[in-house]
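The sequence lines fix the lettering, A, B, ..., with proteins before strands; numbering per chain opens at 1. Owing to the predicted nature of the structure, the values given are computational and were not obtained by experimental measurement.
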Amino acid sequence: MVSDMNEETKQAVLNYTIRLGDDAVVIGHRIAEWCRNAPFLEEDLALSNVALDFIGRARMFYGYAEELADDGRKEDYFAYMRDHREYQNLLIMELPRGDFAYTMVRQLLVDVFNLYYLEQLISSTDETLAAIAGKAIKETRYHLRRSHEWVLRLGLGTDESKIRAQKAVDDIWGFTHELFDLDELEQQMADAGIGVDNRSLQQDWSAKVKSILEEASLIVPEDSWKVKGGREGYHTEYLGQMLNEMQCVHRANPGLEW
Amino acid sequence: MVEIDQQQKFQNKIDAEIKIEPKDWMPEAYRKNLIRQISQHAHSEVIGMQPEGNWITRAPSLRRKAILLAKVQDEGGHGLYLYSTAETLGITREEMINALQDGSARYASIFNYPTQTWADVGAIGWLVDGAAIVNQISLQRTSYGPYSRSMVRICKEESFHQRQGYELMLTLSRGSEAQKAMAQDSLNRFYWPSLMMFGPHDTESAHSASSMKWKVKRETNDDLRQKFIDQTAPQIEFLGLQHPDKDLKWNDEKGQFDSGEINWDEFWRVINGDGHCNRQRVQHHINAHKEGAWVREAMASYQQKKKSKAA
Ligand SMILES: [Fe+2]
Ligand SMILES: [Fe+2]
């Protein structure tokens with residue numbers, strides 16, 4: 001219960017919740033970019049579904065942030081009025097949609113992560129976070145069924161699809177390491193039973209991802225490079241561009257109802 | 001002789017308001033007419049994803065972003081549904097898509113207009129979906145069973161879109177000066193083109209006579225347009241915006257509005273290629289389709305391999 005929290009905990013949960021909202025809104029935006037650009041109409045619809053899940057998830061997290069902040073900042077403040085240096089999403093979420101293989105491989109890596117992450121968050125001592133996780137995990141299971149199936153199709157489909165899928169795995173791999181980092185805030189939240197200890201997810205994640213990539217006859221890359229910084233607001237160039245576009249109408253006339 | 005009998009039986013059914021089903025005998029011209037109309041309708045849904053899709057990344061609130069994305073997704077769903085409706089008449093989706101891409105099939109010319117501001121998302125939902133509904137309610141009574149049933153299903157979602165579009169316009173109209181101006185500008189740009197959606201005057205319409213006899217169409221272009229004009233006028237007033245038609249006047253005797261003349265030159269110019277987006281819309285469809293070719297091939301090849309493995 002928000003009312004039972006001391007001020008310090010409330011701040012910490014707020015920051016933690018905003019991060020989860022950031023993850024969801026950023027990847028939701030990226031997937032939504034496919035709507036009307038997909039390889040065939042059924043996929044326009046399916047990708048839109050997934051994007052809608054993430055946007056809905058972002059609204060739930062930001063909605064909770066609104067409640068925790070209790071200072072007039074609304075869900076759209078968090079989405080639209082913060083700069084990319086204030087955004088704290090994981091970098092993998094902000095990478096451009098790329099080709100269809102890039103999108104689907106990223107989705108697989110993120111979906112497996114979300115699956116294990118949400119399985120833990122369900123037992124958060126924070127009831128609201130637990131409830132959001134309970135809803136989100138059902139969506140994530142569906143997302144993963146899709147991304148799993150697509151990675152198989154691409155890996156085992158044609159020479160071209162296999163080359164594209166492998167290139168995507170190779171190009172994204174270095175962004176997966178920060179999924180399992182824990183900074184001070186996350187450590188504090190994990191210790192309090194509110195957040196998740198991401199380090200504990202790494203083994204399951206690796207095993208599952210490796211088995212799917214092998215099933216798709218794709219090569220699991222060496223851990224030779226690592227890019228990190230999302231949780232500190234140290235982003236790729238892509239996020240600034242993305243937010244410029246996403247926020248432009250809202251910011252042109254700030255403080256209004258839309 | 002047999003042919004004449006069938007013609008007569010067919011027309012009797014139509015006259016008795018019995019739906020024609022895919023396996024029933026039908027005149028070739030009826031089949032062609034329906035394929036033309038339903039595929040054009042399907043293409044309109046699909047091409048219509050572009051102008052509104054143009055604002056998904058810039059929607060000014062998360063709520064609006066979700067509503068817009070879901071709406072564009074619905075339109076794609078309508079497209080799919082209508083493609084399968086047309087397929088019951090013996091044409092494939094691939095053939096229809098080819099016809100769209102080579103320009104031999106048309107789509108609603110309204111989508112050749114650019115979406116320039118956020119308010120256009122509202123204006124399209126309200127006016128364009130609104131005009132489509134007037135047409136589609138009438139088509140729920142069309143003589144071809146599968147088409148009639150798709151209209152029933154699609155209409156429900158279109159009404160939802162229209163309400164959301166109107167609600168967006170209402171929010172802007174009750175908002176800041178800038179928002180109100182944005183709403184007015186958008187209304188000014190989309191009002192006349194949405195009247196044009198009903199097609200030329202009945203006297204000029206190439207397909208109307210046979211369509212009416214076969215009850216593919218149930219009401220004429222001008223009658224449907226009048227309904228739309230009459231329902232839209234009070235909606236504009238409630239928004240507190242200026243009506244773009246300066247000649248609009250209530251006619252007590254007729255119980256309907258008299259209105260100004262549509263700029264038919266513009267109508268024909270845009271249909272025939274001079275709209276801002278004609279080439280862009282078709283090219284976008286071609287590009288996405290081409291870029292997706294390797295994905296479709298991969299999927300087919302994977303399916304094939306799975307099958308031969310199972311065998
Ligand atoms: Fe539609
Ligand atoms: Fe619609």
Original post:
Just wondering, more than 12 heavy atoms not from Lys162(A) lying within 6.0 Å of its NZ?
Top reply: yes
Original post:
Rounded to the nearest 0.5 Å, how far does CZ of Arg30(A) lie from OG1 of Thr57(B)?
Top reply: 10.0 Å
Subject >> Flag, side chain of Arg296(B) to backbone of Phe40(A), donor-acceptor distance under 3.5 Å >> reply: no
**OP:** Would you mind checking which part of Leu80(B) comes under 4.5 Å of any heavy atom in chain A, side chain (CB onward), backbone (N, CA, C, O), both or neither?
**Re:** both
**OP:** Using a cut-off of 6.0 Å, state whether more than 12 heavy atoms not belonging to Ile219(A) lie near its atom CD1.
**Re:** no
**OP:** Might you point out which heavy atoms bring Leu52(A) and Ala66(B) nearest each other, and give the distance in Å?
**Re:** CD2-O, 3.4 Å
Original post:
Counting only heavy atoms not in Tyr142(A), do more than 12 fall under 6.0 Å of its OH?
Top reply: yes
Subject >> Heavy-atom neighbours of Lys10(A) NZ exceed 12 at 6.0 Å >> reply: yes
**OP:** Sort Ala252(A) into side chain, backbone, both or neither according to what part of it lies under 4.5 angstrom from a heavy atom of chain B.
**Re:** neither
Subject >> Contact summary for Gly79(B) and Leu41(A), nearest pair of heavy atoms >> reply: C-CD2, 4.3 Å
Subject >> Distance (rounded to the nearest 0.5 Å) between Cys35(A) SG and Glu75(B) CD >> reply: 10.0 Å
Subject >> Gln304(B) versus chain A, the contacting section by heavy-atom distance below 4.5 Å >> reply: neither
Original post:
For Asp159(A), does the CG atom have more than 12 heavy-atom neighbours from other residues, nucleotides or ligands under 6.0 Å away?
Top reply: no
Original post:
In Å and rounded to the nearest 0.5 Å, what is the CH2 to CH2 distance from Trp118(B) to Trp258(A)?
Top reply: 9.0 Å
Original post:
Picking from His250(A), Glu257(A), Glu245(A), which has the most non-hydrogen pairs under 4.5 angstrom with chain B?
Top reply: Glu245(A)
Subject >> Heavy-atom proximity to chain A below 4.5 Å, by part of Lys306(B) >> reply: side chain
Original post:
Side chain, backbone, both or neither: which part of Arg63(B) has an atom under 4.5 Å from a heavy atom of chain A?
Top reply: both
Subject >> Which portion of His284(B) sits near chain A, non-hydrogen atoms under 4.5 angstrom >> reply: side chain
Original post:
When heavy-atom pairs shorter than 4.5 Å are enumerated against chain B, which of Glu160(A), Arg251(A), His29(A) gives the highest number?
Top reply: His29(A)
**OP:** Heavy atoms only, distances under 4.5 angstrom: which of Leu168(B), Ile97(B), Val295(B) has the most pairs with chain A? Name it, please.
**Re:** Val295(B)
Subject >> Toward chain B, the part of Leu47(A) with a non-hydrogen atom under 4.5 Å >> reply: neither
Original post:
Is there a donor-acceptor pair under 3.5 Å between the side chain of Arg36(A) and the backbone N or O of Met49(B)?
Top reply: no
Original post:
More than 12 foreign heavy atoms under 6.0 Å from CD of Gln116(B): is that the case here?
Top reply: yes
Original post:
Would one find more than 12 heavy atoms of other residues, nucleotides or ligands at under 6.0 Å from atom NZ of Lys305(B)?
Top reply: yes
Original post:
What part of Ile56(B) lies closer than 4.5 angstrom to a heavy atom of chain A: side chain, backbone, both or neither?
Top reply: side chain
Subject >> Tyr80(A) side-chain N/O to Ser61(B) backbone N/O, donor-acceptor pair under 3.5 Å >> reply: yes
**OP:** Please look at Ala79(A) and chain B and tell me whether the side chain, the backbone, both or neither of the residue comes under 4.5 angstrom of a heavy atom of that chain.
**Re:** side chain
Original post:
If every non-hydrogen atom of Gly77(B) is compared with every non-hydrogen atom of Leu45(A), which pair is closest and at what distance?
Top reply: N-CD2, 3.6 Å
Original post:
If you count the non-hydrogen atoms of other residues, nucleotides and ligands that lie under 6.0 Å from OH in Tyr81(B), is the total more than 12?
Top reply: yes
Original post:
Taking Thr117(B), Val72(B), Leu69(B), Thr171(B) one by one, which has the highest count of heavy-atom pairs under 4.5 Å against chain A?
Top reply: Leu69(B)
Subject >> Contact leader toward chain B among Asp99(A), Ile55(A), Leu256(A), where contacts are heavy-atom pairs under 4.5 Å >> reply: Leu256(A)
Subject >> Electrostatic pair Glu75(A):Arg64(B) at N-O distance under 4.0 angstrom >> reply: no
Original post:
Under 3.5 Å, is there a donor-acceptor pair linking the side chains of Asp44(A) and Gln73(B)?
Top reply: no
**OP:** Go through the steps to decide whether Glu42(A) and Arg93(B) satisfy the test salt bridge (charged side-chain N to carboxylate O under 4.0 Å, His left out), and finish with yes or no.
**Re:** CA-CA 13 Å; Glu42(A) 285 84 347; Arg93(B) 185 159 138 201; 2.8 Å; yes
**OP:** With side-chain contact (heavy atoms from CB on, under 4.5 Å) as the test, would you mind laying out the steps for Tyr302(B) and Leu154(A) before giving the verdict?
**Re:** CA-CA 8 Å; Tyr302(B) 175 71; Leu154(A) 298 178; over 6 Å; no
Original post:
For the candidates Gln179(B), Lys65(B), Gln50(B), His289(B), which exhibits the highest count of non-hydrogen atom pairs separated by less than 4.5 Å from chain A?
Top reply: Gln179(B)
